[in-house]
Every structure is written in structure tokens, then in C-alpha cells.
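Notes to accompany the following structure.
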Amino acid sequence: MRKKYYLFGLYILGLFIALFILNSRYKPAEDITTPLPPVAVSQIVRKAAVAGTFYPADKTQLETAIKKYLSDAVPVTASGSLRILIVPHAGLEYSGQIAGSGFKQLEGNTYSRVIILGASHKSAFSYISVFPSGKWETPLGSVDIDEDLANNLIDQTKGIKGDVAAHSNEHSLEVELVFLQEVLSNFKIVPILIGQVDDQTLVSLADKISQATDEDTLLVVSTDLSHYPTWETAKLIDRQTIESIVSGDAEKFKSTVTEIEGKAYPGVVTAACGHQAVWVALKVAQSLKLTDFKEIGYANSGDVIGDKARVVGYGAIGIWGVLPEPVVIKLDENTQEEALKIAETTLQAYVNGQKIPEVAARSNVLGEPLGAFVTLRKNGQLRGCIGSFEPRESLGAVIQNMTIAAASKDPRFKPVTADELKDISIEISVMTPKRRINDWRDIVLGVNGVSLENGTSSGTFLPQVATETKWPLEEFLSELCSQKAGLPRGCYTDSSTHIYTFEAQVFGE
């Protein structure tokens with residue numbers, strides 16, 4: 001009996017040792033982000049991972065194939081410039097024709113930077129992975145990473161990380177790059193892979209892409225459509241998916257994908273493998289007010305190779321439009337008076353324990369989703385100041401909410417009491433969206449408000465702070481680091497600190 005227990009104990013010990021060894025050898029992608037060798041990050045080179053499998057490894061053969069797909073395609077007539085292109089990423093012999101119909105639309109256009117967005121197929125990780133620097137190579141040559149744009153998109157606090165490992169064996173972005181190399185010149189890229197993340201992380205990415213998009217920026221989204229139904233079923237459900245995308249409605253697209261995948265069609269494992277990337281693209285289109293959504297081409301693998309029993313769907317969709325003009329804040333005197341009245345009546349009602357009045361703004365500007373800070377002063381001295389950047393509610397509602405927050409939630413002060421009201425004055429700062437900068441020396445004191453973030457710490461100074469204090473730039477930033485963010489005074493020189501500027505229209509009682 002003792003011998004049996006002894007042998008059983010040895011068996012259990014051996015099992016634990018084996019599991020320990022396996023665990024030390026095989027780690028998920030998020031655990032592989034080990035420090036890089038001590039070389040300049042700009043020297044990172046990502047070699048082609050799927051040359052010879054997804055597309056020809058020989059340069060001449062590859063060029064010949066892509067040129068054939070492009071020559072067979074036709075340009076689409078649309079309004080404005082192409083801002084977002086959704087294309088498939090299967091092997092060239094399968095989806096090359098449809099991908100070529102999409103990339104045909106880029107001929108004659110010039111983009112200096114291209115964001116390539118897709119979902120991870122090879123690695124499991126719980127964040128969005130932005131390839132941060134260096135270059136990508138294919139048989140057609142190398143393309144540099146736009147490091148400034150990548151840095152603007154990376155935000156660790158929002159689950160958007162600079163990461164190389166997740167991209168090492170992924171095909172979905174690389175397949176798009178070889179087409180881009182054929183139709184564009186003098187461009188840089190930012191490859192982005194979406195891992196297992198929630199909707200809020202996706203919204204954060206969409207917001208950042210929207211803010212970074214200009215006339216020289218193109219967003220390419222990589223996704224195939226239905227996976228593994230019959231030819232007939234693929235035609236049915238892919239039509240539903242494409243129509244939901246060209247509707248321009250992100251939530252309609254999401255519900256369509258959910259409905260398709262919930263109906264248990266035989267063989268269907270997904271309606272679109274890059275559905276999260278498409279959802280981000282539709283959010284970007286909504287934010288940029290893009291209006292022209294067009295289906296460019298569709299086929300499935302059954303149309304290409306003849307096997308219709310188990311197919312994958314491929315679609316190319318373009319989103320065109322004119323980018324909105326940069327936000328310029330200009331509230332006329334009547335609108336300023338209305339904004340101050342909202343703040344004043346809200347403050348009076350809140351402090352006296354009365355019902356908060358509803359905001360029924362007459363001015364159109366007060367109905368726009370603009371950010372604002374509300375500053376309370378008592379006999380000229382600061383008594384509370386809180387604001388909100390880039391809200392999803394109207395400016396009138398922001399002013400009301402920030403008035404209550406300034407009176408009750410500023411951690412530097414006790415809540416405002418009723419007997420103080422007669423001595424309180426109100427100042428409102430209506431702000432443009434934040435814009436990330438790479439060099440703190442670009443800040444213009446008295447013109448730019450500044451917000452900085454490092455990890456979970458953040459702080460903001462409004463433009464008038466520099467005017468009131470007359471601090472030189474280094475002192476202004478040092479005080480922002482220490483006073484508002486609780487960080488070392490020199491945090492603004494730290495490469496891990498993100499610095500944003502904004503402008504504001506300031507008015508008060």
C-alpha cells in the first residue's frame with residue numbers, strides 16, 4: 001500500500017514539473033513583450049511573414065499578380081476623397097480580385113500615412129497592439145512606420161499599447177501592405193491589431209484615429225466576411241453584412257453580425273473575422289461625418305475555385321467624404337450670456353437643494369458636443385474648477401454638469417454653501433478637442449491650454465493660467481506636473497508622458 005502511495009506521489013510531482021516546463025516555454029502574446037535588445041527602436045525591422053504562402057515570394061511574380069488584379073478593376077465615382085477602405089486579406093488567389101477592386105480606388109491619390117487596422121488571427125492578447133516604430137519589409141521593399149502618428153495613437157491607460165510581438169506572424173495586415181506598395185509611393189504606415197478588448201477600448205481607438213485623420217491620412221481595414229458556410233448561405237448572409245456596413249450605422253452593423261452568428265447557420269463560425277475593426281471604422285466615419293459609403297466588389301471563394309461546399313466571403317467597401325473644418329470656438333455675446341445663465345441657475349438650484357433645471361438651449365452652439373471647464377471664484381480667489389474634454393453630450397449639458405462638479409467635487413475645496421453664493425462668480429472655458437504634440441516646446445503660452453497624462457495620472461491647465469501666473473514655459477509645465485498630476489516636476493520631459501494642447505474661448509460674469 002505504501003509503495004502505491006509513493007508511486008502515486010512521484011506521478012503527481014512529475015506532472016507538476018511537466019506543467020511548469022510547458023508554462024515557461026509557451027506564453028500568450030501579451031506575455032511576450034520582453035524588452036528589445038539595446039538598439040535604436042527605429043531599427044526594428046519586421047520581415048515578411050507570409051511571403052510564399054499568402055502571396056508570391058518572388059518580387060516579379062507578385063508585381064505581375066497585383067497589377068493584373070488592379071487592371072481588371074474599375075474606379076468608382078464617389079463624393080469627396082476616399083478616407084476609409086475595407087478589403088479582404090485571404091491568399092491572393094482567393095481574395096486578390098476583390099482586394100484589387102478596392103485598392104484600384106487609390107490610383108491617382110496621394111496619402112503620406114496609412115493606418116492598417118485588423119483583428120489578430122494568430123495571437124491572444126487583451127489590448128490593441130500598435131506597431132510603434134521601425135519598418136516593415138515585403139518582397140516589394142520596405143515601408144517605414146510613422147512613429148509620430150503611432151505615438152499619437154498609443155495610450156496605455158486606454159488599452160492601446162505599443163507592441164511588436166503580436167504582429168510577428170500575423171497575415172491580415174501584411175497582405176494589404178503589398179497592394180499599398182503597388183498603388184502608393186512615399187507613404188508611411190501604422191499597423192494596428194485588435195485583441196480581446198471591450199467596446200470602450202474600441203471607442204478610444206476610434207476617437208484617436210478620428211483626431212489624427214487629415215487630408216494625407218487613409219484608414220485601411222482588413223477583414224474577410226463569412227467563414228465556412230455553403231456558397232448559397234454565404235451569398236445570403238454576406239449581403240446582409242455588406243448592407244449594414246454601407247448604411248454607415250455602427251450599431252446596425254454590430255447587431256447584424258450578432259444576429260447572423262446567433263442563427264446557427266450550418267458551417268458559419270463568423271460573419272466577419274475583423275468585425276471589431278469594421279466597427280471602429282464606422283465610428284471614425286461617424287465622427288468625421290463621412291457620407292458616401294459604396295460597395296466596390298464582392299465574391300466568395302466558391303466563385304474563385306469552384307468548391308461551393310465550404311467558402312469564405314470577400315468584400316471591398318469604400319467610404320468617401322470631405323473632412324470637417326478644424327473646430328473653431330466662437331460664442332457670440334448672446335450665446336455667452338445664455339451659457340452663463342445655465343451655470344448660474346444650476347449653481348443656485350444645486351447649492352440650495354432645489355430641482356436642477358432642464359437645459360433647453362436656444363443657441364445651436366450649446367447643442368454641439370463641445371468640452372468645457374467651469375471655474376468658480378469667491379471674491380476673486382479660486383473656489384473650484386472642473387471640466388470635461390470631448391464629451392458625447394451637448395455643451396449646455398456639459399456646462400450644467402461641470403458647474404455642479406466645480407461646486408461639489410473639486411478635491412481641493414469643500415463644497416460651496418448657500419451663504420457663499422453672493423460672493424461667487426462664474427467663468428466658462430469652451431474648448432477645442434485635444435491634440436497630442438510630440439515636443440513640449442511647441443506650446444504657445446496664453447494661447448494653448450495643456451493637458452498631460454502619464455499612466456493613471458493626469459493634469460490640465462487652461463490657457464489663462466499662463467496669463468495669470470506669468471510663468472515661463474518650463475515652470476508652467478513643472479507646476480502642471482506637480483500641482484495637477486501629482487508627478488515629478490520634470491514629468492513633461494519623460495517619453496512616457498503624453499502632452500496635449502487645446503484652445504479655449506473664455507468668458508465670465
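- Remark: Thr403 OG1 to Ile426 CD1 distance equals 6.0 Å, nearest 0.5 Å.
- Taking CG of Leu452 as the reference point, atom CG of Leu480 lies at 4.0 Å (rounded to 0.5 Å).
- Side-chain contact check for Arg113 and Thr217: at least one donor-acceptor pair (N or O, by modelled atom type) lies under 3.5 Å.
- For Trp320 and Phe293, the gap between ring centers reaches or exceeds 6.0 Å.
- The minimum heavy-atom distance linking Leu173 with Ser222 is given by the pair CD2-CB, 4.4 Å.
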Would you please test Tyr492 and Cys481 for side-chain contact (heavy atoms from CB on, under 4.5 Å) and show each step? CA-CA 7 Å; Tyr492 64 93; Cys481 288; 4.0 Å; yes

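- Taking the six-membered ring for Trp and thresholds of 30 and 60 degrees, Tyr69 and Phe179 have ring planes inclined between 30 and 60 degrees apart.
- For the 3.5 Å distance criterion, the side chains of Thr501 and Asn448 fail to qualify, holding no donor opposite an acceptor.
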Salt bridge (Lys or Arg N to Asp or Glu O under 4.0 Å) between Glu147 and Lys135: does it pass, once the steps are laid out? CA-CA 10 Å; Glu147 296 182 19; Lys135 61 182 62 180; over 6 Å; no

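- The environment of Asn186 atom CG is sparse: at most 12 non-hydrogen atoms of other residues, nucleotides or ligands sit within 6.0 angstrom.
- The minimum heavy-atom distance linking Thr497 with Cys491 is given by the pair OG1-O, 2.8 Å.
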What do the steps show when you test Ser388 against Met402 for side-chain contact (heavy atoms from CB on, under 4.5 Å), and what is the final call? CA-CA 7 Å; Ser388 172; Met402 293 307 103; 4.0 Å; yes

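- Taking NZ from Lys188 and CG from Asp144, the interatomic distance works out to 6.0 Å, rounded to the nearest 0.5 Å.
- Taking all atoms of both residues into account, the shortest heavy-atom contact from Ala119 to Gly274 is CB-CA, 4.1 Å.
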For Ser123 and Glu170: C-alpha separation, side-chain torsions, deciding distance, then whether side-chain contact (heavy atoms from CB on, under 4.5 Å) applies. CA-CA 8 Å; Ser123 303; Glu170 179 63 40; over 6 Å; no

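- Judged by distance alone, with hydrogens and angles left aside, the side-chain atoms of Ser95 form no donor-acceptor pair with the main-chain N or O of Leu92 at under 3.5 Å.
- Smallest separation of non-hydrogen atoms from Leu290 and Gly321: CD2-CA, 3.9 Å.
- One N or O on the side chain of Asp292 and one on the backbone of Ser79 form a donor-acceptor pair closer than 3.5 Å.
- We find that Asp155 and Lys158 are joined by a salt bridge, their nearest charged nitrogen and carboxylate oxygen being less than 4.0 Å apart.
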Is there a ring pair (Phe, Tyr, Trp, His ring centres under 6.0 Å) between Phe389 and Phe373? Walk through the geometry before answering. CA-CA 8 Å; Phe389 283 103; Phe373 270 70; 5.7 Å; yes

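- Salt-bridge formation is not detected for the pair Glu261/Lys254: no Lys NZ or Arg NE/NH1/NH2 atom is positioned less than 4.0 Å from an Asp or Glu carboxylate oxygen.
- In this structure, the separation between CD1 on Ile209 and OG1 on Thr213 is 7.0 Å, given to the nearest 0.5 Å.
- In the model, Ser129 has a side-chain atom that pairs as donor or acceptor with a side-chain atom of His167 under 3.5 Å.
- Proximity of Thr375 to Leu462: side-chain heavy atoms (C-beta onward) are separated by under 4.5 Å at one or more points.
- Using a 30° and 60° split on the angle between ring planes, Tyr127 and Phe125 fall in the tilted class, from 30° to 60°.
- Listed for the Glu368 side chain is no donor-acceptor partner under 3.5 Å among the backbone atoms of Ser394.
- The pair Glu137-Lys47 meets the salt-bridge criterion, with a side-chain N (NZ, NE, NH1 or NH2) lying under 4.0 Å from an Asp/Glu carboxylate O.
- Contact check on Lys484 versus Glu479 returns no salt bridge, with no Lys/Arg side-chain nitrogen under 4.0 Å from an Asp/Glu carboxylate oxygen.
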Step-by-step side chain to side chain donor-acceptor pair (under 3.5 Å) determination, Thr346 to Gln400: CA-CA 6 Å; Thr346 298; Gln400 182 170 80; 3.2 Å; yes

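- A side-chain donor from one of Asn401 and Glu393 sits under 3.5 Å from a side-chain acceptor of the other.
- Looking at Glu503 and Arg435, no side-chain N of the basic residue comes within less than 4.0 Å of a carboxylate O on the acidic one, giving no salt bridge.
- Salt-bridge annotation for Asp410 and Arg383: absent, with no side-chain N of the basic residue lying under 4.0 Å from a carboxylate O of the acidic one.
- The closest donor-acceptor contact from the side chain of Asp224 to the backbone of His89 lies under 3.5 Å.
- The heavy-atom pair separating Val506 from Gln464 by the smallest distance is CG2-OE1, 3.4 Å.
- Within the model, atoms CG of Leu370 and CE of Met431 stand 9.0 Å from one another, a figure rounded to the nearest 0.5 Å.
- Residue Ile342 comes nearest to Gly396 through the heavy atom pair CG2-O, 4.0 Å, listed as atom of the first residue, atom of the second, then distance.
- Asp439 has a carboxylate O that lies under 4.0 Å from a charged side-chain N of Arg441, or vice versa, which qualifies the two as a salt bridge.
- Ion pair Asp207/Arg392 flagged as a salt bridge, since at least one NZ, NE, NH1 or NH2 atom sits closer than 4.0 Å to an Asp/Glu carboxylate oxygen.
- Contact check on Glu215 versus Arg83 returns a salt bridge, with a Lys/Arg side-chain nitrogen under 4.0 Å from an Asp/Glu carboxylate oxygen.
- Not one N or O on the side chain of Gln505 forms a donor-acceptor pair closer than 3.5 Å with the backbone of Val430.
- With Ser287 contributing its side chain and Val284 its backbone, the two residues share no donor-acceptor pair below 3.5 Å.
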How far apart are the C-alpha atoms of Ile189 and Phe131, what are their side-chain angles, what is the distance that settles it, and do they pass the side-chain contact (heavy atoms from CB on, under 4.5 Å) test? CA-CA 9 Å; Ile189 60 172; Phe131 200 95; over 6 Å; no

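- Checked by atom type and distance alone, the side chain of Asn109 pairs as donor or acceptor with a backbone atom of Gln105 at under 3.5 Å.
- A donor atom on one side chain and an acceptor atom on the other are found under 3.5 Å apart for Gln181 and Thr138.
- Taking CG of Asp58 as the reference point, atom CD of Glu63 lies at 9.0 Å (rounded to 0.5 Å).
- His227 and Thr270 are not linked by any side-chain donor-acceptor pair at a separation below 3.5 angstrom, with hydrogens and angles left out of the test.
- Side chain of Asn454 to backbone of Ser457: no donor-acceptor contact under 3.5 angstrom is found.
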